[in-house]
2 protein chains.
Amino acid sequence: MILLKKRLQKVRKAIKLSKAQAMLVTSVHNVRYLSGFTGSECWLLITEKENIFFGDFRYRLQAQKELGSIFKMVLIEGNVFSLLKSVLNQRKIHSVNFEAKHITYEQYYNLKTALGEKIRLCASKDIIEQLRMIKSQEELNYIRKAVSITRKSLRQLKPWIKPGVSEFFLKNKLDEMLKTNGASGPAFDTIVASGPNAAMPHARTTMRKIGKNDPVIIDVGADYKGYKSDLTRTFFSGKITQYVRHYKLLATAQDRAIKLIRPQGEIQKIDQIAREVLNNAGLGQYFGHALGHGVGLEVHEKPYISGKSKQRFIAGMVFTVEPGVYIPDSGGIRIEDMVLVTRKGYEVL
Amino acid sequence: MILLKKRLQKVRKAIKLSKAQAMLVTSVHNVRYLSGFTGSECWLLITEKENIFFGDFRYRLQAQKELGSIFKMVLIEGNVFSLLKSVLNQRKIHSVNFEAKHITYEQYYNLKTALGEKIRLCASKDIIEQLRMIKSQEELNYIRKAVSITRKSLRQLKPWIKPGVSEFFLKNKLDEMLKTNGASGPAFDTIVASGPNAAMPHARTTMRKIGKNDPVIIDVGADYKGYKSDLTRTFFSGKITQYVRHYKLLATAQDRAIKLIRPQGEIQKIDQIAREVLNNAGLGQYFGHALGHGVGLEVHEKPYISGKSKQRFIAGMVFTVEPGVYIPDSGGIRIEDMVLVTRKGYEVL
């Protein structure tokens, strides 16, 4: 509860800075972050003095269980936009932030139409995402646990990876292990991609059987109390001669990038250094995505680790560092680990 | 391919009717429906003569595999909105529909800013969803398969449902059975809710152990080639005296509703009749959701079976009929089946 109060306090400060009187929170992850409510489709309205939760009949009991007394629950019956209008009018609120990324154009249009001219809607961006970027001790504990469950499950899976078994069999096996090891489930749809399938950075798991000398990319994460992990391992089912060079290069690229991580360091630099290693080896063209992304309540969140980032590292950030090489029709490999920015430097989770 | 061409033809007709020259398709399900592409984050632009697919590097190989020659692929490098502008300008297109439900306010704002004054953006609603509502023979086959996998898995699960096992154990077991029986996975997060948890219409599975004489609500579906099923069964772990009456009432409500289904029949009527049965028994207040929803590429899609619906049934519609009674702190039960509107009446799937 103290944690939630602190977060809400920070949001109020941001609302005040933006010159609005309230904020409508529509992102399911942001709702969870501020209220502890783990369901979906419910919204929060944060005013100067109140925390108001909007949920319909289906979520009433769950909300009563999960929400503390600092939240006032308003049951949605009928049109949520008219309801919002009357709640705002009662409180004489004339300007409200909304989350531009987490509302559809249609919702925006309906909201605007319902609120009319007298209540100003202000598009806000990343107010809560910025807060979520810096993890608390409790959040770090959950993330660490999600990582350790994933690592343990991958170790347990290793003896099963051999020619003849299907990608799909391995995925099911791994998902089962995640759950047995304490995850509430996979953090996202687990990817097992072998041979030519491994050349697709976002491949999905197929019934393909692992062949001899195939690379097998496994991209997997666990969900532990809402917090995620995201790791990639490349296994080989036999001889790996043609991939040894790539693998070593990726390890070097990852290592050089990670060593640059420290508070105040520029984020773009570590993407650039990893890319440089691959460019120098003539493989830069096969590394088409950014070096990494933040991980927390979402598998992909801030900070984004790209060559275009203007941000600097701050202690408490957690993100992936995942250089990859994908050669069409041939195969691909990727290494992905999660890193925490500490006060003095970094820690690989 | 013929099926896709027919669908695209219908979309073109709708675009013409709406007086726009092209349509931007951003819903992942609508993209799949029109192109066969099973990945995410890619968009389509349907112009008078061309079908253009926008995808970034990560989806290139997958798109090449899945898209037929009727699609032209444009690789997204840099800003997708500026790219769209230049594609539209090259083709002298001055008005584009966009899917108001499937674009965030932020994307809309960026798109509008990039396109400038000379290209008119028109919010469109449900153009493709309307087409998706009527299932083709092939789609029906997939849905039937998804239903039969789910029914088979529920039958296999039955002997496992007994006091002492946890909701979570049952969920894992059931998910495994779905996969073993041929599903690519569950259609949504399978719900197993027992005892007081069963009173939450959207409960999530917990570690709670099934008690004696508990109702156990299982809400589950399978995904088969992208098409979903959605069924709910209520089991009892022992004596069921207090629920027998509710169960019988729900069965009556469902039965009376289903019997009214036929082409041209009013959708709202069947919600009303089911509600009437429960109202007459003094339980109407515990049935807080609409009677059902369409099922197809999405678990919840058109048509929505509500008392407010203005639509009529059309042959080829597939939807759930799911009356439920949820008594706070006590327990809830629900019956959910899927029904197809046939030329002459209905078929329970």
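Labels below follow one simple rule: chain letters A, B, ... track the order of the sequence lines, proteins then strands, and each chain is numbered from 1.
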Discussion item. Using heavy-atom distances under 4.5 Å, tell me whether B:Tyr109 contacts chain A through its side chain, its backbone, both, or neither.
Written reply: neither

Worksheet item: Which bit of A:Thr205 comes within less than 4.5 Å of chain B, counting heavy atoms only: side chain, backbone, both or neither?
Response: neither

Practice prompt. Below 4.5 Å from any heavy atom of chain B, which atoms of A:Phe168 appear? Answer side chain, backbone, both or neither.
Written response: side chain

Fill in: B:Lys173 vs B:Val165, side-chain contact (heavy atoms from CB on, under 4.5 Å): CA-CA, chis, key distance, verdict
CA-CA 11 Å; B:Lys173 202 84 205 157; B:Val165 305; over 6 Å; no

Practice prompt. Using non-hydrogen atoms and a 4.5 Å limit, figure out which bit of B:Asp175 sits close to chain A: side chain, backbone, both or neither.
Written response: side chain

Worksheet item: Using 30° and 60° as the class limits, which term best fits the ring planes of B:Phe98 and A:Tyr105: parallel, tilted or perpendicular?
Response: perpendicular

Practice prompt. Check whether B:Lys308 gets within reach of chain A through its side chain, its backbone, both or neither, counting any heavy atom under 4.5 Å.
Written response: neither

Response to the item:
Whatever's closer than 4.5 Å to a heavy atom in chain A on B:Glu176 counts as side chain

Worksheet item: Hey, mind stepping through B:Arg334 and B:Glu322 against salt bridge (charged side-chain N to carboxylate O under 4.0 Å, His left out) and telling me if it holds?
Response: CA-CA 7 Å; B:Arg334 175 168 71 244; B:Glu322 45 175 317; 3.7 Å; yes

Practice prompt. Classify the ring geometry between B:Tyr142 and B:Tyr224 as parallel (under 30°), tilted (30 to 60°) or perpendicular (over 60°).
Written response: perpendicular

Item to complete: Return the option, out of B:Gln107, B:Lys125, B:His102, with the maximum number of heavy-atom pairs under 4.5 Å with chain A.
Response: B:Lys125

Fill in: Portion of B:Lys171 that has a non-hydrogen atom of chain A nearer than 4.5 angstrom
side chain

Worksheet item: What do you reckon, are the aromatic ring centroids of B:His300 and B:Phe188 less than 6.0 Å apart?
Response: no

Worksheet item: A:Phe53 vs A:Phe37 aromatic rings, parallel, tilted or perpendicular, using cut-offs 30° and 60°?
Response: perpendicular

